[in-house]
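Pasting a structure here, questions to come.
In each ligand, atom 1 is the first atom listed, and ligand 1 is the first ligand listed. Here the structure is a predicted model, which is why all the values come from computation and not from measurement. Side chains included, hydrogens not; waters and symmetry mates left out as well; all remaining heavy atoms used.
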Amino acid sequence: MTIFNLGSINVDLVYRVPHLPGPGETLASTGFSKGLGGKGANMSVAVTRAGGVCTHIGAVGDDGRWALQRLVDYGVVADHIATSRDATGHAIIAVDDSGENSIILHPGANHTLSESHIRDALQTATSDDTFLFQNETNALSLGVDLARERGLRIAHAAAPFEAAAVVPLLGALDLLVLNEVEAEQLQAATGNSISDIPVGDIVVTLGARGCRWHSSGGVKEFAAVPVKPVDTTGAGDTFTGFLVAAIDQGMQMDAAIDLAGRAGALMVTRLGTADVIPTLQEVQEAF
Ligand code: ADP
């Protein structure tokens, strides 16, 4: 069925620099690249690459038609991406020769979503569908309320982590995905261990160590596929997109987690974000 993803759309502007600029310094870059990013867009692309149908709910500015077109080219349903008066969300990323980076993130249009927009987008949604969201747009609790009204399965990737955003929504979630650092932050914020958080399925991703699945059946560990990482950006987004798409397609949780882990592993062997998320076929052929 359809995965309705309420999520950010960012343009990643990546500048290669000899060193990170200091206060008052003007520095010429030695290289530049522009790519589609944002956790929301990444997950929409991942869902689609995994063979799922994804309707993205989000917004870009007038300057963001390029990003919108790229989502369309990747097969994401873009009928509910609004055009905002604000600038498209973007990240200005400086990377120096040692690989150290500094990032300015401008949320822009990602924080301009309205109730009528989200309501419209979910108009045709049914209880066979999934509502997925992260923490890079506004209107999270509104989206969850509207999705619950229509009986959708609700999945959340709690990133970037913010206790005030996720804790009030825990009771509404069917699936929560978070990395190890975010899991520690959630435990600190709630005073509960992950196994005591009242969400049916919680997956804590552990990078090269795989992941841990907490459910009513207990805790199960999954090892990662050994790979040589080139760039770990987007591993979690790829993992979550594949996981949600696989569950949507009726795969058992064990098998879905296994597939998501293999997709995450293949992703870390590639440089870039949304543009290089692997397809299901590539994942199946790689491992
Ligand atoms: P995030 O990007 O959100 O921090 P992780 O780094 O935990 O997420 O990665 C998500 C998943 O991708 C992991 O659970 C694992 O399955 C896979 N993965 C990430 N890094 C590696 C790696 N170095 N080797 C193999 N698999 C990896």
Side-chain angles (χ1 to χ4, degrees), residues 5 7-8 10 12 14 35-47 49-50 91 93 95 99 101 103 105 132-136 155-163 165-166 173 175-187 194 199 201-215 219-247 251-280 282-287:
N5 181 19
S8 58
N10 282 344
D12 288 341
V14 184
L36 178 64
K39 290 180 182 300
N42 292 348
M43 287 188 201
S44 285
V45 173
V47 165
R49 296 260 160 93
I93 304 167
V95 184
N101 65 30
I103 301 174
L105 182 65
L132 170 66
F133 67 108
Q134 314 77 31
N135 184 27
E136 284 187 340
H156 180 43
F161 186 86
E162 201 186 328
V166 61
L173 305 181
L175 169 66
L176 174 63
V177 183
L178 61 185
N179 70 18
E180 201 169 19
V181 175
E182 292 151 1
E184 274 166 22
Q185 290 172 312
L186 183 61
Q187 293 184 133
I194 291 296
V199 176
D201 291 297
I202 303 182
V203 181
V204 179
T205 65
L206 308 167
R209 287 180 294 115
C211 70
R212 204 175 286 136
W213 169 37
H214 300 252
S215 71
V219 183
K220 187 166 175 185
E221 310 265 346
F222 292 74
V225 184
V227 290
K228 272 214 174 91
V230 171
D231 173 14
T232 57
T233 322
D237 299 342
T238 301
F239 180 98
T240 302
F242 268 73
L243 178 64
V244 170
I247 295 169
M251 206 180 265
Q252 291 301 310
M253 195 66 181
D254 291 68
I257 292 174
D258 177 69
L259 175 68
R262 287 185 286 133
L266 185 55
M267 181 63 181
V268 302
T269 66
R270 299 175 170 192
L271 195 59
T273 42
D275 300 306
V276 301
I277 292 172
T279 64
L280 179 60
E282 287 170 334
V283 175
Q284 285 166 338
E285 283 170 7
F287 311 112

Does L271 CG have over 12 foreign heavy atoms under 6.0 Å away?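 Incorrect, the count does not exceed 12.
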
Mark up the atoms of ligand 1 that fall under 4.0 Å of a heavy atom belonging to A224, in ascending order.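 Taking each heavy atom of A224 in turn, ligand 1 has 25 (C), 26 (N) under 4.0 Å.
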
Interatomic distance, K220 atom NZ to I257 atom CD1 [nearest 0.5 angstrom]: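 The NZ atom of K220 sits 8.0 Å away from the CD1 atom of I257.
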
Does F239 reach ligand 1 with a nitrogen or oxygen that is under 3.5 Å from one of the ligand's nitrogen or oxygen atoms?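 No: no nitrogen or oxygen of F239 is under 3.5 Å from one in ligand 1.
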
Nitrogen or oxygen of V227 less than 3.5 angstrom from that of ligand 1: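 Looking only at distances, the answer is no, because the N/O contact criterion of under 3.5 Å is not met.
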
Audit row: L105, N10, side chain to side chain contact (heavy atoms under 4.5 Å, CB included) steps and yes/no: CA-CA 9 Å; L105 182 65; N10 282 344; 3.6 Å; yes

For ligand 1, which atoms, with element, lie under 4.0 Å from some heavy atom of L206?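 Reading through ligand 1 atom by atom, the close ones are 7 (O), 14 (O).
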
Polar proximity ligand 1 side, N179 side, N/O cut 3.5 Å exclusive: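 Yes - when backbone and side-chain N and O of N179 are compared with those of ligand 1, one distance drops under 3.5 Å.
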
Hey, looking at atom 15 (C) of ligand 1, which of A235, A223, G207 has the closest heavy atom?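 It is G207 that holds the nearest heavy atom.
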
G236: numbered ligand 1 atoms lying under 4.0 Å from its heavy atoms: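 Checking each atom against G236, I get 1 (P), 2 (O), 3 (O), 8 (O), 10 (C).
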
Which ligand 1 atoms are under 4.0 Å away from a heavy-atom of G210?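 It comes down to these atoms of ligand 1: 13 (C), 14 (O).
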
For ligand 1, the portion of V225 having any non-hydrogen atom under 4.0 Å away: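 Backbone only; the side chain of V225 stays clear of ligand 1.
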
If only atom types and distance count, is the side chain of H156 paired as donor or acceptor with the main-chain N or O of L176 below 3.5 Å?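 Not confirmed, H156 side chain does not pair with L176 backbone.
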
Do you see a donor-acceptor pair shorter than 3.5 Å between the side chains of N5 and S44?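 N5 vs S44: donor-acceptor pair found between side chains.
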
Could you list which atoms of ligand 1 come closer than 4.0 Å to a heavy atom of A208?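 So the atoms of ligand 1 that pass are 20 (N), 21 (C), 22 (C), 23 (N), 24 (N).
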
Can you label the angle between the W213 ring and the F222 ring as parallel, tilted or perpendicular, going by 30° and 60°?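 Rings of W213 and F222: tilted, as their planes differ by 30° to 60°.
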
T269 to V230 - nearest heavy-atom pair and separation: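 Shortest heavy-atom contact: O-CG2, 3.6 Å.
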
The one among G234, G264, P226 that brings a heavy atom closest to atom 17 (C) of ligand 1: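 The residue whose heavy atom sits nearest atom 17 (C) of ligand 1 is G264.
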
Tell me the protein heavy atom at minimum distance from atom 16 (O) of ligand 1, and give that distance in Å.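 Of every protein heavy atom, G261 CA, 3.4 Å lies nearest to atom 16 (O) of ligand 1.
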
As a check for students: among D237, T205, T233, V181, identify the option with a heavy atom nearest to atom 7 (O) of ligand 1.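 Looking at heavy atoms only, the winner is T205.
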
Taking E136 for its side chain and S8 for its backbone only, find out whether a donor-acceptor pair lies under 3.5 Å.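 A pair under 3.5 Å: no.
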
Would you confirm whether D12, through its side chain, and A91, through its main-chain N or O, come within 3.5 Å as a donor-acceptor pair?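 Answer holds: no.
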
